[in-house]
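As structure tokens, the structure follows; a few thoughts come after it.
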Amino acid sequence: HLLTGDAPMHLIRSALFLAGVVLWTIVFGTLVVIGLIAPLHARFRIIWFYRRGFMWLVRAVLGITHEVRGREHLPKAPSVILAKHQSAWETVALQDLVPEDTYCVFVLKKELLKLPFFGWGLAALQSISIDRAAGRESLNQVVAQGADRLKRGFWIIIFPEGTRVAPGETRRYKSGGAYLAMQTGAPVVPVAHNAGEYWPRNAFIKHPGHVVVSIGPAIDPAGLTQEEINSRAEAWIEAEMRRLSPHRYRDAAEQPAVA
């Protein structure tokens, strides 16, 4: 992308987007913190407007559009969503996967809650924060907080690889989400997407394009171990990634085309 004649425009667009989203985050991060005196649904409503503005900037300034496939796979009851993590895009966009009359929270490292405005907003929305240095105890933290959120009607989004991963790469899938599902009986919904093709991790310059978000069939945890739940989610996500970005995977590129 950087070698094309469009590179200067991509740089300008990315700079304008950054300026706009920083101002937008400061305004709404402040509103959410002030909203601590208001009911929780009011805080989520504020974030709903934040997402609308953020995604408008993504479309209008960066030229990144998206579509969602497989919504019919979403269970009616709050569930655990295990999703691929390639960029900051999905931390906002994936929140719109759940029904409008429900809430969703992320499982994240507790250090993020200290970030000005953005982190304060996550804390105000009762995100599930864990101490990743706590080892096995971090699983107990996920279950204790996750069971509470599910019981209250929240959907939970987890990035099982634990960090942003470049397109075509895979890291070890951590079992926290699968363990939570096993302990609570909540279905697991695998989600794949190709946002990293246009919004590279740790990169300032973004590129116009069309993101595809693909939702897989829900996994019923009944009778399964956390390892089995985790491996089924990983198998579906990684297979779907090869369909969304076949050029990133040698094994997918070598397979013959199927009519």
Side-chain angles (χ1 to χ4, degrees), residues 1-29 46-71 73-74 81-98 100 104 106 108 112 115 117-118 121-122 155 157-159 161 163-171 189-216 237-238 240-249 252:
H1 288 297
L2 295 179
L3 297 179
T4 70
D6 293 330
M9 182 56 68
H10 294 164
L11 175 60
I12 294 172
R13 284 186 170 197
S14 298
L16 290 174
F17 172 79
L18 178 61
V21 83
V22 166
L23 291 174
W24 198 245
T25 301
I26 290 174
V27 170
F28 278 86
I46 292 171
I47 292 302
W48 184 90
F49 282 106
Y50 172 79
R51 292 203 306 274
R52 299 284 76 73
F54 183 98
M55 297 307 293
W56 181 86
L57 288 170
V58 170
R59 292 191 304 272
V61 179
L62 295 179
I64 298 176
T65 59
H66 78 281
E67 66 175 290
V68 178
R69 302 174 181 172
R71 283 191 182 275
H73 295 312
L74 287 173
I81 295 175
L82 298 186
K84 197 71 176 179
H85 193 17
Q86 295 185 339
S87 71
W89 180 88
E90 58 269 16
T91 63
V92 177
L94 293 187
Q95 296 179 57
D96 284 329
L97 293 185
V98 306
E100 284 196 16
C104 70
F106 287 90
L108 44 82
L112 290 178
L115 293 175
F117 303 107
F118 183 76
L122 291 173
W155 291 65
I157 301 177
I158 301 176
F159 300 123
E161 291 169 285
T163 187
R164 287 171 289 185
V165 180
E169 296 181 7
T170 303
R171 295 203 179 190
V189 181
V191 173
H193 63 84
N194 61 346
E197 298 283 357
Y198 315 107
W199 186 313
R201 63 171 185 164
N202 303 323
F204 175 74
I205 297 180
K206 286 77 173 174
H207 310 281
H210 187 67
V211 176
V212 176
V213 178
S214 185
I215 304 172
I237 292 172
E238 293 305 318
E240 187 67 5
M241 289 306 305
R242 283 161 172 76
R243 286 188 282 270
L244 296 178
S245 300
H247 57 290
R248 297 287 186 174
Y249 299 88

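Index from 1, following the sequence. We use all heavy atoms of the structure for the numbers below, so side chains are in, but hydrogens, waters and symmetry mates are not. All of these numbers come straight from a predicted model, not from anything done at the bench.
Here the closest non-hydrogen pair linking I237 and L82 is CD1-O, 3.5 Å. When all heavy atoms of S87 and A195 are compared, the closest pair comes out as OG-CB, 3.8 Å. Scanning both residues, V92 and R51, for their nearest heavy atoms gives O-CD, 3.4 Å. Residues L112 and L108 share a closest heavy-atom pair of CD1-CB, 3.9 Å. Closest approach of P200 and I205 over heavy atoms only: CD-O, 3.7 Å. Closest of all the heavy-atom pairs between C104 and I157 is SG-CD1, 4.0 Å.
Remark: R52 qualifies as a cation-pi partner of W48 under the 6.0 Å distance and 45° angle criteria applied to the six-membered ring.
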Determine whether F159 and R164 satisfy the following criterion, side-chain contact (heavy atoms from CB on, under 4.5 Å), listing intermediate values before the conclusion. CA-CA 9 Å; F159 300 123; R164 287 171 289 185; over 6 Å; no

Apply the test side-chain hydrogen bond (donor to acceptor under 3.5 Å, both in side chains) to residues H66 and E90: give CA-CA distance (whole Å), side-chain angles for both, the deciding distance (0.1 Å), then the verdict. CA-CA 11 Å; H66 78 281; E90 58 269 16; over 6 Å; no

Output, in order, the C-alpha distance, side-chain angles, deciding distance and verdict of salt bridge (Lys or Arg N to Asp or Glu O under 4.0 Å) for E169 and R248. CA-CA 8 Å; E169 296 181 7; R248 297 287 186 174; over 6 Å; no

Does V213 form a side-chain contact (heavy atoms from CB on, under 4.5 Å) with V191? I'd like the steps, not just the answer. CA-CA 7 Å; V213 178; V191 173; 3.8 Å; yes

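Atom CG of L62 and atom CZ of R13 lie 7.5 Å apart (nearest 0.5 Å). Rounding to the nearest 0.5 angstrom, the gap separating the CZ atom in F54 from the OG1 atom in T25 is 7.0 Å. Interatomic distance, L97 CG to L74 CG, rounded to the nearest 0.5 Å: 6.5 Å. Considering CG of L18 and CG of L57, their distance stands at 11.0 Å, rounded to 0.5 Å. Rounded to the nearest 0.5 Å, atoms CZ (F28) and CD1 (I46) are 8.0 Å apart. For the atom pair CH2 of W89 and CD1 of I64, the computed distance is 8.5 Å after rounding to the nearest 0.5 Å.
Proximity of P208 to H10: side-chain heavy atoms (C-beta onward) are separated by under 4.5 Å at one or more points. Side-chain atoms of V212 and R69, non-hydrogen and from C-beta on, do get closer than 4.5 Å to each other. Looking at heavy atoms from C-beta onward, T170 lies in side-chain contact with K84 at the 4.5 angstrom threshold. The closest side-chain heavy-atom distance from I81 to L94 is not below 4.5 Å.
In this structure, F17 has its ring center no closer than 6.0 Å to that of F204.
Annotation: side chain to side chain donor-acceptor pair (under 3.5 Å) contacts of K206 (sequence neighbours excluded): none.
H207 places no side-chain N or O within 3.5 Å of a backbone atom of E197 that could act as its donor or acceptor partner.
Screening R171, H85, R201 for a side chain to side chain contact (heavy atoms under 4.5 Å, CB included) with T163, the sole residue that qualifies is R171.
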